Amino acid sequence: MRVLGIETTCDETAAAIVERETDGRARILSNEILSQIADHAPYGGVVPEIAARAHVTALDRLVAEALRKAGCRLSNLDGIAAAAGPGLIGGVIVGLTAAKALALVGKKPFLAINHLEAHALTPRLTDGIAFPYLLLLASGGHTQFVVVRDVGDYLRLGGTIDDAIGEAFDKTAKMLGLPYPGGPAVEREALRGDPERFALPRPMIGRPGADFSLSGLKTAVRLEAERVAPLTPTDVADLCASFQAAVVDVVVDRTRSALRMHRDKVGNPTALVVAGGVAANASIRRALQRLAGEAGLPMVAPPLALCTDNGAMIAWAGIERLRRGMTDDLGTAPRARWALEPRAGVPA
Ligand code: KG4
Ligand code: ZN
């Protein structure tokens, strides 16, 4: 089974072809991606209108390239999948419309994929892990714990009540004059900083449930930065290290609580999975690895290129759905907002 996946919900234009062999193994035949980071960098964040135009300009070529590299034609595909949301609506429309046109012309099944579901199912593409597992999805737009029980069957245990973790990294970077995207820049600075110089709060630690709140931490960074301004390079590095240490503590505490909730509600997970751009952070990965080890669970973090937004995860989610006969109508509408629960495919 071979599916084309198209991703245009944020600032990456991506197209990929993934194949599932009869023995269940997945192969990524091509995975084309064009990042718009340079287009948005001057604005310190993603500009929706610029993103939508860039998707229009790039998508046809990326799809053609994905087909060429996979050595196949439209007629060799078993389905066409695109992210139908959640995301920036202009971009979602571009990808969804392109996928519908290809499905119509090629007379192929069409799959409207929830972008979050694609992140959630990626560890099955990369590591073939079994249900149920606990997913921490942490990106620039999302931060949530989800029990992945089956395709289309998700239980949200908690999430952020204000900023996403990646967003907190991005805003902290901006405040300290570091480049966009902020996560990698803050992590780099933190390497040479003192994580104990600034006593920053650890919001929500010890609370029942699995929610996050990060805006207070971000404010605390701003107040400390204002207190010691003008900032020297050492101040910036120390602020980054102290911020990152606080985030790590919070993530570990919240994950411990989410694991407990998982056990109470659905029994033992098969793994702790971390996905989304924030999973690139080595300190966070290390801390979660330790926590999973203590809990006797494997920790799975898909390779970086599959952790951040990409086309292969959309194609794979398409395969998982197509196998179960969960295809969609060409009239399916794009969605700016689309919760995973109660069931992907049903409007929140
Ligand atoms: O999943 P992603 O590529 O896009 C979406 O937001 O959907 O995630 C991007 C986010 C950005 O907020 C970025 O700052 C953050 O992930 N990020 C990181 C790191 N690399 C990327 N955050 C912390 N540490 C990193 N090394
Ligand atoms: Zn994403």
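Worth saying up front: this structure is predicted, and the values here are computed from it rather than measured. Order of listing sets the numbers, starting from 1, for every ligand and every atom in it.
Under 2.8 Å from the Zn ion (ligand 2), one finds the following protein N/O/S atoms: H115 NE2, H119 NE2, D309 OD1.
With a 4.5 Å cut-off between side-chain heavy atoms of Ile, Leu, Val, Met, Phe, Trp and Tyr, the cluster of V47 takes in Y43, I50. Through direct or relayed side-chain contacts under 4.5 Å between Ile, Leu, Val, Met, Phe, Trp and Tyr, Y180 connects to V46, L88.
With contacts defined as side-chain heavy-atom distances shorter than 4.5 Å, the pair F243/F169 qualifies.
Of the charged side-chain nitrogens involved, at least one lies within less than 4.0 Å of a carboxylate oxygen, so that R202 and D249 count as a salt-bridged pair. Classification of R290 and E294 as a salt-bridged pair fails, no side-chain N sitting under 4.0 Å from a carboxylate O.
Nearest protein heavy-atom neighbour of atom 24 (N) of ligand 1: N281 ND2, 3.0 Å. Scanning the protein heavy atoms around atom 7 (O) of ligand 1, the nearest turns out to be D309 OD2, 3.2 Å. Here the heavy atom of the protein found nearest to atom 22 (N) of ligand 1 is G183 CA, 3.4 Å. The nearest heavy-atom contact from the protein to atom 10 (C) of ligand 1 is G140 N, 3.4 Å. The single protein non-hydrogen atom nearest to atom 21 (C) of ligand 1 is G277 O, 3.4 Å, given as residue, atom name and distance. Protein heavy atom closest to atom 26 (N) of ligand 1, with residue, atom name and distance, is E187 OE1, 2.7 Å.
Here atom 13 (C) of ligand 1 lies nearest to D170 when heavy atoms of D170, L304, N310 are compared.
No donor-acceptor pair closer than 3.5 Å links the side chain of K69 to the backbone N or O of A16. With N310 contributing its side chain and T308 its backbone, the two residues share a donor-acceptor pair below 3.5 Å. Checked by atom type and distance alone, the side chain of D11 never pairs as donor or acceptor with a backbone atom of I37 at under 3.5 Å. Formation of a donor-acceptor pair under 3.5 Å by the T57 side chain with backbone atoms of R53 is found in this model.
Distances shorter than 4.0 angstrom do not occur between any heavy atom of C10 and any atom of ligand 1.
H119 and H115 have perpendicular rings, their planes meeting at more than 60° on a 0 to 90° scale where under 30° would count as parallel.
When each atom of ligand 1 is checked for a heavy atom of T308 under 4.0 Å away, the hits are 1 (O), 3 (O). Those atoms of ligand 1 with a heavy atom of G141 less than 4.0 angstrom away are 6 (O).
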Please output the side-chain donor-acceptor pairs of residues 271-282 that fall under 3.5 Å, not counting sequence neighbours, one pair per line with the distance.
unit_1	atom_1	unit_2	atom_2	d
N281	OD1	S283	N	3.0
N281	OD1	I284	N	3.0
N281	ND2	Q244	OE1	3.1

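On a distance-only criterion, G166 and ligand 1 share at least one N/O pair closer than 3.5 Å.
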